Amino acid sequence: MIESEFVFCVCQPGAELALKSEVAARVPNWKFAYSRPGFVTFKLDKPANLDRFQAPHLVFARTIGLSLGSVTGESNEELAAAVWEEPAVAAYVEACPKLGLHVWRRDTALPGQQGVEPGPTDESRAAEAALRSSAPQASAGDRELLASRETGNGARVLDVALVEPDRWWIGAHRVANRSDRFAGGVMPLALPGHAVSRAYLKMQESLRWAGLPTMAGEVWIELGCAPGGASQALLEEGMQVLGVDPAKVDPVVEAEENFHQLQMRVQDARRVEFSTAQWLAADLNVDPETLLSAVESIVSHPEVSIRGLVLTIKLLEKSMGSPEAIVAYLERVRKWGYQDVRVRQLAFNRHEICLVALRSRRQRRIARRGRIAKPKKSAPVKKRFRVDPPHAGPSSGHIHDAGPHV
């Protein structure tokens with residue numbers, strides 16, 4: 001029986017205060033204990049058992065688990081040995097013949113800063129190698145340390161967070177969702193060389209986290225599409241994309257057969273031009289109210305029928321990420337007729353959160369291994385866009401896109 005009085009949470013650097021406010025509103029029996037950028041712990045009012053502990057959904061927490069303490073040392077070998085010598089870890093290993101091992105370094109900068117993205121680093125790989133080579137169960141044929149990709153729902157995981165160069169924090173969690181499978185809650189994504197912006201990563205993560213029941217050949221509207229990174233991610237999944245942005249997309253995206261752009265502001269586009277779309281994504285450099293108003297003007301139009309939404313909501317001020325503000329966003333989207341609404345700060349987000357919505361939970365058909373559902377036999381996708389010539393829109397009251405999106 002593994003018990004702990006402390007909980008650890010992984011978050012974006014700079015999101016610690018938002019996480020603390022969310023915890024205070026959602027789980028007030030958790031009391032703040034320790035914090036470093038990207039890593040926060042809380043003390044429980046009574047010990048929790050790992051088998052019965054159910055982590056709440058917290059918008060600003062990537063991974064949540066029970067804390068088993070920390071170790072210090074001057075080298076990876078010394079730190080790894082100290083991890084396995086911890087009594088709680090020894091008991092955990094003994095109880096779990098197959099145990100996932102997640103090792104990561106806490107993020108110290110926002111995604112994309114200084115060319116760094118979330119995910120494994122040379123430092124975390126070296127630490128994981130030291131842990132695996134010194135693991136007491138390595139010589140036992142009936143015991144195994146599983147890699148991230150092998151930890152399915154219900155699997156038990158030993159977490160090792162590299163909080164400081166000489167201090168590792170130890171924890172444990174059970175896999176309850178797709179993000180739980182990966183170290184630090186970061187899905188294994190990388191920005192390919194052909195991607196025109198890191199919005200590619202945000203869209204890839206959004207699709208995999210949300211598990212939307214999309215099918216190749218369906219039409220997506222993308223508000224704020226320039227320079228085209230998110231559109232590229234959708235196109236690679238076999239989608240058709242109708243982008244809306246006054247700024248022109250990159251020529252690489254413009255040349256795609258299944259992409260068409262309305263080079264204008266959102267409110268300049270006639271809503272009938274969106275009548276063939278099933279899905280809508282939006283990533284505008286505007287405040288949440290302006291973004292939601294733009295989306296509402298489309299999904300509420302009688303000639304438009306949008307099945308689901310993927311919205312990137314910018315948190316331009318701290319108050320925009322407060323628990324009260326986020327509840328207001330959810331309620332507003334539900335009033336449009338979307339009952340399955342979820343929100344999370346993704347690993348590849350910056351000062352923003354991702355909101356996804358479906359008309360109902362019955363729509364959700366999650367394909368195995370978190371991949372987007374596709375036809376078994378792929379056929380050439382034919383354009384189904386309704387592309388009408390643009391018209392002159394009113395001279396004021398329009399949403400202004402700030403240009404290329406990241």
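Note that these values count all heavy atoms, side chains included, but never hydrogens, waters or copies made by symmetry. If you're wondering where the values come from, they're calculated on a predicted model, not measured in any experiment.
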Does [Y] offer a backbone N or O that forms a donor-acceptor pair with the side chain of [X] under 3.5 Å?
| X | Y | answer |
| --- | --- | --- |
| Arg307 | Trp279 | no |
| Asn49 | Asp51 | yes |
| Arg271 | Glu303 | no |
| Arg26 | His57 | yes |
| Trp84 | Leu131 | yes |
| Gln263 | Asp245 | no |
| Arg350 | Pro111 | yes |
| Arg342 | Cys354 | no |
| Lys31 | Pro28 | yes |
| Thr41 | Tyr34 | yes |

Nearest 0.5 Å, please: how far is [atom2] in [Y] from [atom1] in [X]?
| X | Y | atom1 | atom2 | value |
| --- | --- | --- | --- | --- |
| Leu99 | Glu94 | CG | CD | 12.0 Å |
| Lys43 | Asp45 | NZ | CG | 8.5 Å |
| Glu236 | Asn258 | CD | CG | 12.5 Å |
| Leu262 | Glu222 | CG | CD | 12.0 Å |
| Leu19 | Phe60 | CG | CZ | 8.5 Å |
| Trp168 | Leu79 | CH2 | CG | 4.5 Å |

Within the 4.5 Å heavy-atom criterion, are [X] and [Y] side-chain neighbours or not?
| X | Y | value |
| --- | --- | --- |
| Leu292 | Tyr329 | yes |
| Val253 | Val196 | yes |
| Arg270 | His301 | no |
| Leu309 | Leu358 | no |
| Leu66 | Phe8 | no |
| Glu237 | Leu207 | yes |
| Arg106 | Leu162 | no |
| Ser21 | Pro323 | yes |

Considering all heavy atoms of both residues, which atom of [X] and which atom of [Y] are nearest to each other, and what is their separation?
| X | Y | value |
| --- | --- | --- |
| Val249 | Ala226 | CG1-CA, 4.0 Å |
| Cys9 | Ala61 | CB-CB, 4.3 Å |
| Leu291 | Ala282 | CD1-CB, 3.6 Å |
| Ala357 | Val341 | CB-CG2, 4.1 Å |
| Ala126 | Asn76 | CB-ND2, 3.6 Å |
| His351 | Leu110 | NE2-CD1, 3.3 Å |

Under 3.5 Å, is there a donor-acceptor pair linking the side chains of [X] and [Y]?
| X | Y | result |
| --- | --- | --- |
| His260 | Glu273 | no |
| Gln240 | Trp220 | no |
| Ser70 | Arg167 | yes |
| Asp180 | His173 | no |
| Arg62 | Ser179 | no |
| Glu128 | Ser124 | no |
| Ser67 | Trp169 | yes |
| Glu16 | Ser35 | no |

Would you call [X] and [Y] a salt bridge, using N to O less than 4.0 angstrom?
| X | Y | value |
| --- | --- | --- |
| Lys335 | Glu331 | no |
| Glu296 | Arg332 | yes |
| Asp283 | Lys202 | yes |

Verdict with reasoning, Glu254 to Lys248, per salt bridge (charged side-chain N to carboxylate O under 4.0 Å, His left out)
CA-CA 8 Å; Glu254 185 180 22; Lys248 197 170 185 178; 3.6 Å; yes
Going through the distances and angles, do Arg156 and Lys98 end up as a side-chain contact (heavy atoms from CB on, under 4.5 Å)?
CA-CA 8 Å; Arg156 300 190 191 199; Lys98 292 184 181 294; over 6 Å; no
May I have the step-by-step check of side-chain contact (heavy atoms from CB on, under 4.5 Å) for Met239 and Val219, ending in yes or no?
CA-CA 6 Å; Met239 310 301 169; Val219 178; over 6 Å; no
Run the side-chain contact (heavy atoms from CB on, under 4.5 Å) check on Ile306 and Tyr338 step by step: do they pass?
CA-CA 10 Å; Ile306 301 297; Tyr338 296 91; 3.4 Å; yes
Chi angles and distances behind the side-chain contact (heavy atoms from CB on, under 4.5 Å) call for Ile221, Leu280
CA-CA 5 Å; Ile221 303 165; Leu280 184 150; 4.2 Å; yes
Among Met320, Gln12, Gln345, Lys314, which residue satisfies the side chain to side chain contact (heavy atoms under 4.5 Å, CB included) criterion with Glu352?
Lys314
Using side chain to side chain donor-acceptor pair (under 3.5 Å), reason through Tyr92 and Glu86 one step at a time and then give a plain yes or no.
CA-CA 10 Å; Tyr92 196 28; Glu86 279 289 309; over 6 Å; no
